[in-house]
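Notes follow the structure.
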Amino acid sequence: MKTTIPVEDGDVLAAIRAFLGRLLESGALEAIYVPLEAAGGAAVPALVTDPARMAQANPLAPVMPINGARAVSALTGKKAPGRVGAVLRSCEIRALIELVKLQQATLEGLTMIGLDCPGTFEVPRYMERQGQAGGGLGDYLAAAREGRDPGSDGLTLRTACQMCLHPAADQAAIRFELFGLDPTQGIPVDIPDALAEQLGYSAASADGARQAVLEKVLAAHRAKRDGALAAVRAQMNANGGLPSLFNACIRCHNCMTACPICYCKTCLFRSASFDHKPDHYLSAAQRKGALRMLSDALLFQLTRMNHMSASCVGCGMCTSTCPSEIPVGMIFSAVGEQVQAAFGYEPGRSLEDPLPLVTFQANEWTEVGEAK
Amino acid sequence: MTFTPRIGVYVCHCGINIAATVDVGAVTQWAAGLPGVVVSRDYTYMCSDPGQALIQNDIRELGLNRVVVASCSPRMHEPTFRAAVSAVDLNPYCFEMANIREQCSWVHPAAETTTQKAMHLVGSAVAKAALLQPLEQRQAPTTPAALVIGGGIAGMQAALDIADAGFEVTLVERTSSLGGHVGLLHRTFPTLEPTADLLGAIVERATHHERLRVLTEAEVTAVGGFVGNFDVDIRHGHEEEKVKVGAIIVASGFDVFDARRRPELGYGVYPEVITTPEFEQLSQSEVKINGREPKNVVFIQCVGSRDQALGHPYCSRVCCMVTAKQARLVRERLPNARVTVFYMDVRAFGKGFEEFYDATRQAGVLYRRGNPSELIRRGDRVVVRAEDTLLGEPVEVEADLVILAVGMAPRADTDALAGLLKLARSSDGFFMEAHPKLRPVDTAMAGIFLAGACQGPKDITETIAQARAAAATAMIPLMRGEVTVEAATSVVDEELCAGCGQCASICTFGALTLHPTKGVMVSNAVLCQGCGACATACPSGAINVRHFTFDQVMAQINVVSDFRAPVFSAAPAEAEVASPS
Amino acid sequence: MLQIEAHPITLQYDLFDCIQCGKCTGGCPMAMKTRLNPRSIILRLLTAGDGFDLEGREELWDCTTCSTCSSRCPKKVNPMETIIGLRGAFVEKGRVHPNVKTALESTFRQGNPLTMPRDQRGAWAKDLGLKEYAEGTEFLYYVGCTPSYDPRAQKVARSLVTLLQKAGIDFGVLGNQENCCGSEVRRLGEQGLFEMMAEENTETYKGLGVKKMLTTSPHCFNVYRNDYPKNGMAVQHYTQVLAGLVEEKRLEFSGKLEKTITYHDPCYLGKHNGIFDEPREVLAAIPGATLVEMDRSRQKSLCCEGGGGRMWLEGTNPSVRLAQMRVKEALEAGAQVLATACPFCLLTLDEAVKHLNAEDRLQVLDIAELAAQAL
Amino acid sequence: MSDNGNFEPRIVAFLCNWCTYTGADLAGTSRLQYPPNVRIIRTMCSSAVDPVYVLKPLMEGADGVLIGGCHPGDCHYQTGNYKTRRRYVALHEILKASGLDERRVWLRWISASEGQKFASTIGEMVAAMRELGPNPTRENWAV
Amino acid sequence: MNEQPTHGSNGRGPAALVIGGGIAGIQASLDIAEAGFRVHLVERSPSIGGRMSQLDKTFPTLDCSSCILTPKMVDAGRHPNIDLYTYSEVVQVTGEAGDFHARIRVKPRYIDPEKCHGCGLCAEACRLAGRISSDFNAGMGKRAAVYVPFPQAVPLVYTVDPEACVYLTRGVCGKTFKCKDACTAGAIDFDQKEVFVDVDAATIINATGFDVFDPNLRPELGYGVYPHVITSLEFERLASASGPTAGKITLDGTLPKKLVFIQCVGSRDRSLNLPYCSRVCCMAVAKQAHLAHDRIPGAEITVFYIDIRAFGKGFEEFYDRVRHEGVLYRRGNPSEVLRRGDRLVVRAEDTLLGEPVEVEADLVVLAVGIRPRADAQSVAEMLGLALDENGFFQEAHPKVGIVESNRPGVLLAGCCQGPKDIPDTVAHAKAAASAALIQMAQTQKVMATAHAAN
């Protein structure tokens with residue numbers, strides 16, 4: 001049901017903290033995954049069981065150090081040990097759904113708590129922003145209400161967020177709505193009826209301008225996205241193309257480590273198969289007169305595309321973690337978009353959609369395999 | 001692992017089949033320089049006893065632990081050499097072949113490039129060999145029973161042989177009675193024996209054999225399992241039943257060519273025009289057309305055979321003699337009738353056939369060489385228009401009965417059955433045998449065999465021969481009581497497996513399941529057919545198909561991707577280049 | 001318009017056995033130069049239905065009855081006899097070449113096709129003191145028409161007599177009583193006349209109690225051996241007799257004959273009756289003689305175009321003559337002597353040599369003549 | 001790109017054991033000539049062709065990669081080639097999107113009885129790769 | 001093929017006697033042995049392999065004959081359930097179905113098979129090296145008096161040819177035996193005597209094969225007179241990589257430019273009492289014409305035929321292909337072959353032109369038919385079998401009894417029953433194996449019960 005969480009003297013964060021606290025106190029949930037504010041102003045993803053700890057919880061912090069899907073995968077595995085909740089952004093939820101299909105996580109016993117997401121900043125930007133005036137929560141919420149980019153000159157949102165097409169956490173069981181609304185008057189929440197009763201909430205609708213503002217945000221993001229992807233595609237198809245884009249890659253595998261979809265225990269490229277003998281490198285070098293060290297950088301990226309581009313939700317964590325500032329996420333979004341389009345597949349939309357590469361039809365792409 | 005490969009490379013001349021286009025000496029010398037190679041030799045015929053002895057000696061003398069033979073296709077001689085190496089206690093899976101004949105010397109000119117290709121192929125094989133692992137072939141017990149699909153003469157004969165040998169046989173016939181096409185025949189060539197005589201006896205035996213279960217109006221709906229242990233679902237009338245068998249014989253027969261596809265011959269338009277099968281029926285009662293005895297009878301051969309235009313390029317093998325037989329019958333039944341046979345070539349190839357053809361002509365049947373072009377109506381008769389190619393003149397022959405010798409076509413449901421049994425089909429649409437010469441009744445699917453016209457046109461004699469051949473081959477696993485289980489199956493590396501289950505969803509044979517506690521996948525070697533789709537599906541490389549592992553293939557790729565003219569590195573000290581021939 | 005019924009003929013000659021392989025026509029020496037096509041004739045008969053028009057089929061008279069066709073047919077069809085049968089139809093209707101008419105009439109009246117008087121038949125041997133054949137004589141020497149009347153062929157008969165006498169053979173002749181054997185009559189399609197003659201002659205020989213006969217001509221030899229009703233009479237061609245004598249050393253050659261000889265197999269001796277070796281044995285026994293073979297020898301011997309009544313018929317293409325081809329072949333083979341054992345061959349080949357002005361390079365001789373020279 | 005007409009394309013082919021590899025053998029037994037620019041690696045099924053196998057040669061400078069499988073419906077493993085087809089579609093999109101020339105990777109259904117088709121396919125592919133010119137990665141060591 | 005199951009304790013179950021080690025005998029033996037029964041395989045010549053081993057390629061797939069045969073030979077030679085008796089003959093058979101007793105005569109090779117490695121030093125040393133015409137090469141190749149018929153022979157053991165060996169024919173061979181001196185293994189033993197082995201068998205398979213027609217019986221075709229008129233079998237050896245010319249189609253070093261193939265030589269010929277069709281010649285010629293086209297650039301190839309009998313799977317398609325390659329098929333049965341200058345001339349009628357034709361040729365190949373083996377009669381008497389009107393072994397019934405003979409328990413396989421191509425032969429052999437397996441299964445039951453009884 002739709003309800004509204006009362007907010008006292010405009011302190012939205014407090015209201016949310018209280019709400020999360022009550023989820024634990026009431027015993028509705030045994031633990032909740034949520035960022036806690038830590039010394040130095042960092043927001044650290046944590047699993048909270050003690051309601052008192054909720055005093056530091058800050059789901060509204062515009063930062064995403066990791067994609068929560070990985071965390072949830074870790075704490076549910078093939079079955080959640082207890083009644084666990086997780087505060088997640090849309091990109092985290094969609095990644096989580098892919099991981100569920102890949103049997104790396106389960107929604108069983110998990111309560112997803114989502115928020116409308118106006119976007120996040122890279123961790124360093126977030127830290128900078130902390131200090132600044134107008135960089136506070138109020139401004140962030142206002143941006144959400146007006147449907148404008150919370151970023152400001154010099155302090156821009158993560159590019160992935162600027163072009164996010166899923167700012168609303170539609171699949172979450174509990175959903176905090178921010179777009180087009182003034183939460184200081186009470187925070188509209190979508191919540192399962194049973195839970196609402198248990199916590200003693202009653203139905204109350206305050207939809208306001210949310211839909212309109214959401215449209216506006218999407219429009220802006222779509223425009224941004226189209227431009228950005230067009231740009232990166234231009235680069236990929238330019239002379240040198242993709243290889244030159246990855247020339248800066250140092251094969252640190254950060255992108256893979258940060259990627260919520262890359263679930264392998266050990267990446268193929270870290271396995272014995274790519275742990276070559278010295279003579280291998282020598283003969284490889286002899287072929288072209290020079291061999292890139294570490295080798296197979298592009299092969300690694302292409303193989304990763306091949307493994308996960310169908311499931312890529314565009315969270316951009318790869319870009320965020322790339323020390324060489326290669327627009328990895330942009331590239332993968334560009335590729336992913338085409339692969340997903342080919343199969344009419346939208347990652348994270350629903351558990352019902354099977355992964356495109358583990359299913360098939362007898363009578364599809366019948367032209368493929370026949371000489372043109 | 002501390003294993004160091006000691007590889008022997010053996011390059012075959014295959015007489016001149018390889019040596020004429022590939023510089024065998026150069027290949028041999030080049031191979032000697034490859035990592036892990038300790039000996040490299042060439043010889044005229046590696047497959048010959050001395051060739052094999054050469055390899056066996058080196059395994060003993062030089063302590064080889066991997067062997068590469070560069071010769072013909074592994075589909076040809078892999079078993080030969082595997083047997084040869086295992087005879088001296090080298091695991092047969094430590095052997096690899098380079099196909100430098102079918103895929104090199106036979107398809108390219110004698111040139112440097114061809115030799116280079118051969119070198120790459122050998123190098124690729126050596127690279128793989130270095131990573132090969134010994135595998136064990138296991139034996140699985142077989143179900144001492146057989147399934148025969150089709151109750152025609154082929155199916156019955158095969159079923160009877162297997163049952164006579166002491167095994168339970170289930171015979172599944174789609175229609176309500178046994179006998180198939182032969183049941184529709186009147187008499188047989190070349191003996192003119194009434195069909196009923198020979199067929200009756202067989203049907204009788206089939207229906208009363210203690211170990212033979214005949215299911216009419218039945219069909220196979222699903223086939224699972226593998227050689228030695230098939231699980232077959234049969235729909236029998238209204239009930240479904242499951243049977244377990246060790247071997248399956250397909251004897252599903254053929255369809256008759258539809259003469260309407262040659263409209264110029266007027267079949268279906270002129271009542272005077274009938275087909276050979278229809279004449280079989282007609283000839284059992286009084287031969288009358290339009291209520292009167294025909295005075296002029298014309299047979300037309302190759303209707304729907306030797307006809308590329310209609311996609312039947314093949315010869316139907318029986319029509320010539322069927323025609324000769326029917327022409328004889330006409331002469332017997334209607335002594336005053338003129339009988340003319342139009343033919344292109346008279347194919348009287350079987351035992352007693354040419355003699356029968358002679359006798360048919362002696363009986364007054366006129367054979368005219370030519371393939372009639374059209375039939376037209378003239379008054380109360382039809383006129384066959386053709387060229388007598390031996391006169392070199394167009395001719396018109398009036399007829400009041402025209403018999404079209406229609407050919408044999410693959411059954412319309414061949415596709416469905418092929419899908420059910422995973423059988424391949426030849427370009428002519430009939431089921432494809434494993435090898436046209438030496439394995440005429442086997443299929444690519446172990447434990448499934450072909451009998452009769454479902455493999456291609458045959459007369460009764462050949463059908464029975466082939467049915468019994470299929471029976472003999474099918475009996476082998478049943479009599480052995482065991483089959484060898486494929487050793488090159490999938491295996492899961494528990495360290496790498498994340499249990500994502502993509503492999504399980506992709507596996508056709510349900511060979512992969514999630515371990516209840518370990519959270520990793522488990523492969524069932526008996527169910528696994530070794531296709532390798534799972535390995536492709538696994539992003540972490542946790543699943544490999546033995547003998548075709550990721551590392552082995554990548555090693556091959558590393559060699560063949562390097563198209564530079566092969567570099568001769570000085571052969572390592574212990575490596576030896578030898579050429580006894 | 002010369003209509004005949006085809007169907008009876010197809011049955012009479014088992015033409016349905018034919019598979020139209022063409023082996024007959026392929027080997028037919030006349031097919032090379034005329035319209036004659038045995039295979040095609042058979043097919044036309046088979047496909048003729050009721051009526052078959054012989055009008056304009058003059059090529060049927062080209063056939064030399066050399067039997068190449070029949071001797072090679074894999075299906076045992078006999079095109080040669082079929083053609084002879086068809087000639088019969090012409091004869092019945094009296095539609096034959098005047099020469100043929102004359103030959104037939106002459107045979108009927110004079111007992112020879114050469115229009116020679118019956119009472120001159122024995123004249124050639126006047127001075128030889130030959131005895132009349134009588135019961136008990138070992139051999140009846142059947143001379144034959146051509147050797148009896150033709151001056152060139154007479155030499156053969158004389159030589160043969162010399163040889164037989166030298167070998168001390170007990171033989172007799174019939175002189176003017178000798179009657180034509182009817183061989184050519186039969187080949188010309190006059191079956192009726194032939195059967196009449198065969199009957200008469202058989203009676204005569206029975207009456208004389210002839211047990212063994214030898215002939216000059218392979219044609220006579222053949223007709224007695226194969227066409228006459230069985231009569232318990234053993235017929236031999238003289239070359240067989242000579243070969244026997246040579247082998248038994250009853251006939252020995254003291255003289256020498258420093259000649260290169262090639263032997264032309266007469267059709268009626270070779271292809272018809274499979275006698276290839278005896279003539280060669282005789283030649284081989286001649287001291288000094290070198291035997292060479294032409295490419296076409298034995299079963300492949302090229303017909304001289306003298307058989308099947310062709311002695312009286314030019315044929316439809318006289319411009320090409322097989323005898324001349326044959327003579328050229330003999331010359332190619334490097335022979336100085338072209339030996340044969342048949343009067344017809346002798347005459348046709350002799351004429352060919354003259355026609356080619358090769359008399360100085362090549363001599364045509366009968367084996368009997370050669371043997372006699374070597375005595 | 002006819003100026004590249006004279007260069008020798010390098011093609012790596014992965015052939016399924018049951019159909020295309022056998023078809024290639026048939027081309028051999030039938031002595032059907034085709035360009036020697038191809039190197040064949042045998043796999044049990046086309047579905048066993050890991051995209052890495054296709055990408056690796058392309059990185060090494062091979063000008064084309066051929067995947068050969070049984071015709072749809074003929075797969076010895078029933079449905080392997082259907083899976084191959086999807087993987088190929090995905091790979092094609094990746095190559096297309098990432099500006100690596102997808103025209104260098106071919107999938108072809110060639111049965112055991114189609115020796116002629118195999119030979120002509122190689123011929124066509126060599127010609128097509130000539131048209132495309134050398135794979136840039138031939139020279140690019142930094143991949 | 002390791003650890004074969006064998007019925008009955010250490011193989012003393014019912015056994016089968018297979019007479020003839022051609023593809024038919026080999027296939028039947030392998031099937032029976034694979035099913036776990038013992039087989040006594042008896043081959044008269046020094047090696048198994050039979051006619052098929054002489055062929056170059058096989059129609060219509062063109063795979064090389066020895067390539068597909070050699071593995072089978074090796075399997076048969078290696079099979080633990082097969083006792084191989086080569087250079088041996090069955091001389092006597094008694095008993096009845098289920099309980100036959102046969103006597104095998106093992107001829108002396110004058111070589112100890114245990115010691116011989118088939119190295120061939122003896123053959124090199126032999127005084128007659130390169131002077132004895134090789135039957136395997138249809139008389140075109142030469143070998144020594146001590147020999148293996150062909151390199152892939154199974155077993156690879158040398159044999160001294162008693163007809164040729166100087167010592168065996170004249171009692172003395174120079175001062176010293178060159179072969180003995182050469183043999184490092186000391187395998188040569190001129191004191192070897194023939195030995196007789198008695199074996200029991202539940203069933204007997206007769207797979208004695210066929211002979212080819214002797215074209216001297218068709219003198220007009222000039223075989224034996226013209227060196228460049230050869231038989232199809234001789235052509236196979238010429239075309240074979242392992243043949244006397246290593247696959248070069250030539251008799252005198254120069255490649256023939258004009259080839260003429262003549263079909264039905266000794267087939268469909270009632271005048272020679274060979275009325276039947278030999279079944280294989282049409283396709284054999286098509287194949288050889290293809291090989292000639294393949295090996296001799298620009299060769300003009302003509303095939304004379306009566307009817308083209310391309311009846312088998314893929315045959316018509318192959319015939320189409322050969323014509324497509326430019327081989328000229330002319331309908332007509334050549335009447336004679338003549339010499340004209342240094343060329344041969346084939347005279348025939350092109351029955352479709354309706355004209356006699358003369359075709360020049362550098363090489364004429366006679367497609368000789370299949371005949372019963374010369375010794376069919378004596379084998380038939382030894383086994384108590386009937387022959388049909390053409391001299392092939394008579395089957396029990398032309399349709400349902402094609403592998404059974406008139407004698408219960410004795411079966412027929414391959415061309416000894418009538419002309420067959422390789423697939424038909426293999427099928428026939430396997431059919432015989434089926435009948436044999438039934439017999440043996442039943443015999444085994446009897447044995448088992450008998451065993452249980454006492």
Side-chain angles (χ1 to χ4, degrees), chain B residues 72-76 97 99 101-109 111 113-118 120-121 124 128 415 418-419 422-428 432 444-445 488 506-509 529-538 541 545 547-548 550 553-554 556-563, chain D residues 8 10 12-19 21-22 24-53 56-63 70 73-80 83-84 87 111-114 118-119 122 138:
Chain B
C72 47
S73 169
R75 299 182 58 81
M76 173 79 60
M97 261 179 113
N99 184 344
R101 193 184 66 180
E102 281 83 346
Q103 296 180 1
C104 189
S105 71
W106 273 352
V107 288
H108 305 316
T113 49
T114 306
T115 299
Q116 281 178 16
K117 178 177 178 181
H120 279 128
L121 295 177
S124 159
K128 180 175 180 180
D415 253 332
K422 299 173 232 144
L423 298 182
R425 297 172 61 178
S426 315
S427 50
D428 57 17
M432 180 151 125
M445 294 301 292
I506 208 118
C507 179
T508 313
F509 311 102
Q529 309 263 315
C531 69
C534 51
T536 307
C538 177
V545 171
H547 212 64
F548 289 89
F550 182 85
V553 178
M554 287 300 274
Q556 291 180 279
I557 292 172
N558 274 317
V559 174
V560 298
S561 302
D562 178 6
F563 277 72
Chain D
E8 285 304 329
R10 313 159 170 180
V12 175
F14 297 92
L15 308 185
C16 106
N17 177 63
W18 304 99
C19 290
Y21 190 91
T22 315
D25 280 352
L26 179 58
T29 46
S30 316
R31 308 298 192 285
L32 304 170
Q33 297 289 308
Y34 55 84
N37 306 46
V38 60
R39 303 289 183 265
I40 292 168
I41 292 177
R42 180 166 69 129
T43 62
M44 289 312 282
C45 175
S46 61
S47 66
V49 179
D50 190 317
V52 180
Y53 300 166
K56 178 67 173 173
L58 289 179
M59 296 298 100
E60 293 296 335
D63 301 293
C70 311
D74 290 357
C75 177
H76 178 69
Y77 304 100
Q78 290 174 327
T79 56
K83 300 156 193 166
T84 312
R87 291 238 169 252
S111 80
S113 50
E114 293 177 321
F118 177 79
I122 298 302
R138 261 195 202 207

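So you know, we letter chains A, B, ... as the sequences are listed, proteins then strands, and number each from 1. It should be emphasised that the depicted structure is a prediction, and the values quoted were computed from it without experimental measurement.
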Fill in the blank from the handout: With chain D, the option among H547(B), K128(B), Q103(B), E102(B) that has the most non-hydrogen atom pairs under 4.5 Å is Q103(B)

Problem - For chain B, the option from C16(D), P35(D), S46(D), C75(D) that forms the most heavy-atom pairs under 4.5 Å - result: P35(D)

Fill in the blank from the handout: Turns out that what part of I40(D) lies under 4.5 Å from chain B's heavy atoms comes down to both

Exercise for the section: For F548(B), enumerate each residue passing the ring-ring contact (aromatic ring centres under 6.0 Å, His included) test, keeping only those at least two apart in sequence or located in another chain. Expected result: none

Fill in the blank from the handout: d(D562(B) CG, R10(D) CZ) to nearest 0.5 Å is 8.0 Å

Practice task
Sort out for me which of A111(B), G530(B), A488(B), S124(B) touches chain D most, counting heavy-atom pairs under 4.5 Å.
Solution key: G530(B)

Practice task
Tell me, out of W18(D), Y21(D), F14(D), who's got the most heavy-atom pairs with chain B below 4.5 Å.
Solution key: Y21(D)

Problem - Interatomic distance, Y53(D) atom OH to I557(B) atom CD1 [nearest 0.5 angstrom] - result: 6.5 Å

Practice task
Give a yes or no on whether the backbone of Q33(D) and the side-chain of H108(B) come within a donor-acceptor separation of less than 3.5 Å.
Solution key: no

Handout entry: Under 4.5 Å from any heavy atom of chain B - which part of N37(D)
Key = backbone

Practice task
Please state whether the side chain, the backbone, both or neither of A537(B) comes within less than 4.5 Å of a heavy atom of chain D.
Solution key: both

Fill in the blank from the handout: Whatever's closer than 4.5 Å to a heavy atom in chain B on V49(D) counts as backbone

Problem - side-chain hydrogen bond (donor to acceptor under 3.5 Å, both in side chains) involving R39(D) - partner list, sequence neighbours excluded - result: H120(B)

Exercise for the section: Select, from C104(B), C534(B), A418(B), G532(B), the one with the greatest count of heavy-atom pairs under 4.5 Å involving chain D. Expected result: G532(B)

Practice task
Compare all side-chain heavy atoms of M44(D) with those of V545(B) and state whether any distance is below 4.5 angstrom.
Solution key: no

Fill in the blank from the handout: Counting heavy-atom pairs under 4.5 Å with chain B, the top scorer among L58(D), T84(D), V52(D) is V52(D)

Problem - Short N-O contact, R138(D) and D63(D), less than 4.0 angstrom - result: yes

